[in-house]
Trainee: 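Supplied in structure tokens, the structure appears directly below.
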Amino acid sequence: MPTSRPGGEIRRQMLASMILVRAFENRLSKLVADKEDVLGMQILATGQEAASVASVQALTPEDVIVSNHRSHGHLLARNADIKTIMAEIMGKATGVNKGKSGTLHLIVPEVNALMTSTVVGAGPSMAAGAAFAQQYRDERAITAVFFGDGAAAEGNVHEAMNLAGVWKLPLLFICENNCWAGAQALKEHCAVGNIAVRASSYGMPGKLVDGNDADEVHSAVSELAEHCRSGKGPALLEAYTYRMRGHGEHDHQHYVDKEELELWAAKDPIRIYRARLVQEGLLTEEDVRGMERDASARVEEAVRFAAESPFPAPEAAVEDVWVQSPWAGR
Amino acid sequence: MLEMHTGVAVREALTLAMEQDERIFIAGEGVGVSIHDSPLMPTYGLLQKFGPRRVKDTPVSEAAIAGLAVGAANLGLLPVVEIMFFPFITLASDMLVNHAAKLRYLSGGKSSFPLTVRVKTGIGFQAGCQHCHPLEAWMAHIPGLKVVYASTPADAKGLLLSAIFDPDPVIVIEEMGLYWMKGDVPEGDVRVPLGKARLVKPGRDVTIVAYGSAVYTALQAAGQLEAEGISAEVIDLRSLVPLDKQAVLESVKKTGRFVTVHDANKFCGFGAELAAMVAEEAFDSLKAPVRRVAAPEAPVPFCPPQEKFYKPDAGKVNAAVKGIMK
């Protein structure tokens, strides 16, 4: 049980946001299954909604987030425009990145989701640079970087943590430990067994929380973000959660024990949170059904917008490489 | 004009840039307190002048150094980071190749990464091939990166100033041997534009294109050839990306012969790109085949006689030119 719970309005927002993220990803999954519109690899974070949404909600809008290939939750919790994100996933000209990124590297500077990398473990060192810029300019804002347990095996993550520790950067490392790195289980790729303990190696606080409990994640991120904001240096949060679907929609989890999936399905973060808020009288069942209807309507509108949008001109493939093209006029 | 060493000229550029723009910081291994306590080194004394906020010694972490530059540039700073030796850029290459070069594209043009990476190179230090490996063709091959390579103190200063204030990521290659070379350098913020080659010596019979210390190899050869009645034109590229195609092609159209010189390996080296460009765009002007003078297909050797054998010299350039003069 968390020491201090977020306020009622924040908790209602978190539930609404988690419902929206689930609806968005369920719809994507269906589009893939029906072989409609969406292109390329689709990578979802079903089951991780509490970790991603509560983390983002505990930050300020000025804080910079650096995401990875499972970014839908982070971005929608930041109120990024759902229509242009869906259009990007479909490779359309109206996409948030003009169809250049697809679902994998969604970059939404409008909501301070400044960088996304799908090179596993690359985010933290760029995030160190962002946090350095904030420290350099003496800003109140901090940077939060999201990475998985698999990424924690990358040397880059160590380098970033060490640099952040030495320079006391305002950088919050958030490991969404979803128990899987591709088809490799946590115990097969992680010698220690959890990620949070590594914090002590870099002179920062580390905390392990139940990543399926939105309240607990929110409280932990609030506390650690405050640590970073007050000039005491970086912090590491490990939100222990579970990847309910395969690495991508092409992966049907033949390597996963069915009982394990059922165990985690019983711990579904949205179902738990919904029940809790209703039980505490913060919402009625009807309120929640309203949230679901609203989420569904927004997702359908986004799909319609994206489907009706044109593809970008093929020739635009060579644009946006440089600010000043070295080849202009040559 | 002031006469100064190249190392000092690089420091002039860093100092001038940092004085005029608070967004600039420098970071790297030993950029503040260096094991080389020499006033000819580019970052000597900058820590004392600008303080530890703007001159940042990093841990031995090339990926983090480059990541620092990417993230800080995205948030509006103008990072100038140093990678100590060119082969170590392989450790930073994910950040440079997959991030600095691509994130603007992936963002659909919303982001920009005005960072500068200074990297040291050069053959002739008996350092062996893990400290010495000219990789400029790798960098030039990546869309999204610009690559500059000075051969004089004046250009080292002017190109670095342009690189620092360029809105895109620029790899600035510094040849260590040139740090100790003196030359006239214009005072103040005098920038050399990226993508403008320098005509080093005019000539009629053959165009020799080089960059870095290979320019002096080419010049030495041109002097010997002159004595034998062959007039060679020598061009110093100064920047590989953007490339001054016009300067090269116009020269070839005038002379009808083309030779490239560089210290990097011949196979897939930058000379291959130049040769292909001339074949594609100035074939009708060619009176003879193109020739490339470059290092053999081996890593840079350690011992002095092998190093000397390996590095292209004036004799090899001379022979290449004579081979196409008939």
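Labels below follow one simple rule: chain letters A, B, ... track the order of the sequence lines, proteins then strands, and each chain is numbered from 1.
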Trainee: When heavy-atom pairs shorter than 4.5 Å are enumerated against chain A, which of B:A73, B:G144, B:A100, B:A27 gives the highest number?
Mentor: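 It is B:G144.
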Trainee: Within the supplied structure, the quantity of interest is the number of heavy atoms (other residues, nucleotides, ligands) at a distance under 6.0 Å from A:K232 NZ; does it exceed 12?
Mentor: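 Incorrect, the count does not exceed 12.
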Trainee: At a heavy-atom separation under 4.5 Å, does B:A63 approach chain A through its side chain, its backbone, both, or neither?
Mentor: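 Both parts, backbone and side chain.
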Trainee: Would you check if A:P326 and B:L194 make a side-chain contact, meaning some heavy-atom pair closer than 4.5 Å?
Mentor: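 The answer is no; the side chains never approach within 4.5 Å.
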Trainee: What's the spacing between B:S107 OG and A:L106 CG if we round to 0.5 Å?
Mentor: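 It comes to 11.5 Å.
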Trainee: So, taking the atom named CZ in B:R53 and the one named CG in A:D138, what distance separates them when rounded to the nearest 0.5 Å?
Mentor: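 Taking CZ in B:R53 and CG in A:D138, the distance rounds to 8.5 Å.
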Trainee: Do the side chains of A:H105 and B:K102 get nearer than 4.5 Å, heavy atoms only?
Mentor: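 B:K102 does not reach A:H105 side chain to side chain.
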Trainee: Can you tell me which of B:A69, B:A72, B:P143 forms the most heavy-atom pairs within a distance under 4.5 Å of chain A?
Mentor: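 Most pairs with chain A among the choices: B:A72.
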Trainee: Just so I know, are the side chains of B:L103 and A:M126 near enough to count as touching, which here means a heavy-atom distance under 4.5 Å?
Mentor: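 Yes; the side chains approach each other to less than 4.5 Å.
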Trainee: Which heavy-atom pair separates B:M95 from A:A122 by the least distance, and what is that distance?
Mentor: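 Between these two residues, the closest heavy atoms are CE-O, 3.1 Å.
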Trainee: By a 4.5 Å heavy-atom criterion (distance strictly below it), what part of A:E110 contacts chain B: side chain, backbone, both, or neither?
Mentor: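 It is the side chain, since no backbone atom gets that close.
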Trainee: Quick check for you: to the nearest 0.5 Å, what is the distance between B:N74 atom CG and A:I107 atom CD1?
Mentor: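 Those atoms lie 8.0 Å apart.
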Trainee: Checking B:L145 against chain A: side chain, backbone, both or neither under 4.5 Å from a heavy atom?
Mentor: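 Interface part for B:L145: backbone (N, CA, C, O).
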Trainee: Got B:R104 and A:V321 here, is their nearest side-chain heavy-atom distance under 4.5 Å?
Mentor: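 SC-SC contact between B:R104 and A:V321 ruled out.
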Trainee: Side chains of B:L106 and A:N97, heavy atoms from C-beta outward: is any pair under 4.5 Å?
Mentor: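 B:L106 does not reach A:N97 side chain to side chain.
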Trainee: Where is the tightest heavy-atom contact between A:P109 and B:S111, given as atom of each residue plus distance?
Mentor: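 Looking at all heavy atoms of both residues, the closest pair is CG-OG, 4.3 Å.
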Trainee: Between A:V108, A:V66, A:V96, A:V166, which has the largest tally of heavy atom pairs under 4.5 Å with chain B?
Mentor: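 If we count pairs closer than 4.5 Å to chain B, A:V96 comes out on top.
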Trainee: Pick from B:V241, B:D166, B:V60, B:L91: which one has the most heavy-atom pairs with chain A under 4.5 Å?
Mentor: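 Between B:V241, B:D166, B:V60, B:L91, the count favours B:V241.
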Trainee: Can you tell if the side chain of A:D320 reaches within under 4.5 Å of the side chain of B:K110, non-hydrogen atoms only?
Mentor: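 Result no, sub-4.5 Å side-chain heavy-atom pair not found.
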Trainee: Examine whether an atom of A:A128 lies under 4.5 Å from a heavy atom of chain B, and if so say whether it belongs to the side chain, the backbone or both; otherwise answer neither.
Mentor: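 The backbone, not the side chain.
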Trainee: Just give me the residue among B:E22, B:K146, B:E62 that pairs up with chain A most often, heavy atom to heavy atom, under 4.5 Å.
Mentor: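 The answer is B:K146.
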Trainee: Which atoms of A:A317 come close to chain B, meaning under 4.5 Å heavy atom to heavy atom: side chain ones, backbone ones, both, or neither?
Mentor: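 When you check distances to chain B, atoms from both the backbone and side chain of A:A317 fall under 4.5 Å.
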Trainee: Is the backbone N or O of B:G109 less than 3.5 Å from a side-chain atom of A:K98, with the two atoms forming a donor-acceptor pair by type?
Mentor: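 Not at all, since once roles are kept as given, no pair shorter than 3.5 Å links the two residues.
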Trainee: Nearest 0.5 angstrom please: A:L169 CG to B:L68 CG, how far?
Mentor: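 So the gap between those two atoms works out to 8.0 Å.
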Trainee: So how far is it from A:S117 OG to B:N98 CG, rounded to the nearest 0.5 Å?
Mentor: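 These two atoms lie 7.0 Å from each other.
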Trainee: Would you find a donor on one side and an acceptor on the other, under 3.5 Å apart, between the side chain of A:K100 and the backbone of B:Y105?
Mentor: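 Between the backbone of B:Y105 and the side chain of A:K100 there is no qualifying donor-acceptor contact (under 3.5 Å).
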Trainee: Report yes if the side chains of A:E159 and B:P59 come closer than 4.5 Å at any heavy-atom pair, otherwise no.
Mentor: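 No, side chains not in contact.
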Trainee: With distance as the sole test, does B:D168 use its side chain to make a donor-acceptor pair with the main-chain N or O of A:W322 at under 3.5 Å?
Mentor: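 No, because the side chain of B:D168 does not come within donor-acceptor range (under 3.5 Å) of the backbone of A:W322.
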Trainee: Take B:R23 and A:Y136 through the test side-chain hydrogen bond (donor to acceptor under 3.5 Å, both in side chains) and record every step on the way to the result.
Mentor: CA-CA 9 Å; B:R23 294 175 298 168; A:Y136 188 84; over 6 Å; no
Trainee: Return the CD to OG distance between A:Q324 and B:S112, rounded to the nearest 0.5 Å.
Mentor: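 The CD atom of A:Q324 sits 10.5 Å away from the OG atom of B:S112.
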Trainee: Considering only heavy atoms, which portion of A:T118 lies under 4.5 Å from any heavy atom of chain B: side chain, backbone, both, or neither?
Mentor: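 Neither part.
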Trainee: Hey, which of A:A133, A:A160, A:G155 has the most heavy atom pairs under 4.5 Å with chain B?
Mentor: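 Between A:A133, A:A160, A:G155, the count favours A:A133.
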Trainee: Is the number of heavy atoms from other residues, nucleotides or ligands within 6.0 Å of CH2 (B:W138) greater than 12?
Mentor: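 Counting neighbours around CH2 of B:W138, 12 or fewer heavy atoms of other residues, nucleotides or ligands fall under 6.0 Å, so no.
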Trainee: Do other residues, nucleotides or ligands put more than 12 heavy atoms under 6.0 Å from B:H141 NE2?
Mentor: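 Atom NE2 in B:H141 is not crowded, with 12 or fewer foreign heavy atoms closer than 6.0 Å.
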Trainee: Mark yes when over 12 heavy atoms from residues, nucleotides or ligands other than B:Q130 sit less than 6.0 Å from its CD; otherwise mark no.
Mentor: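 Open.
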Trainee: Just wondering, do A:F132 and B:L75 contact through their side chains at under 4.5 Å, heavy atoms?
Mentor: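 Side-chain contact under 4.5 Å: no.
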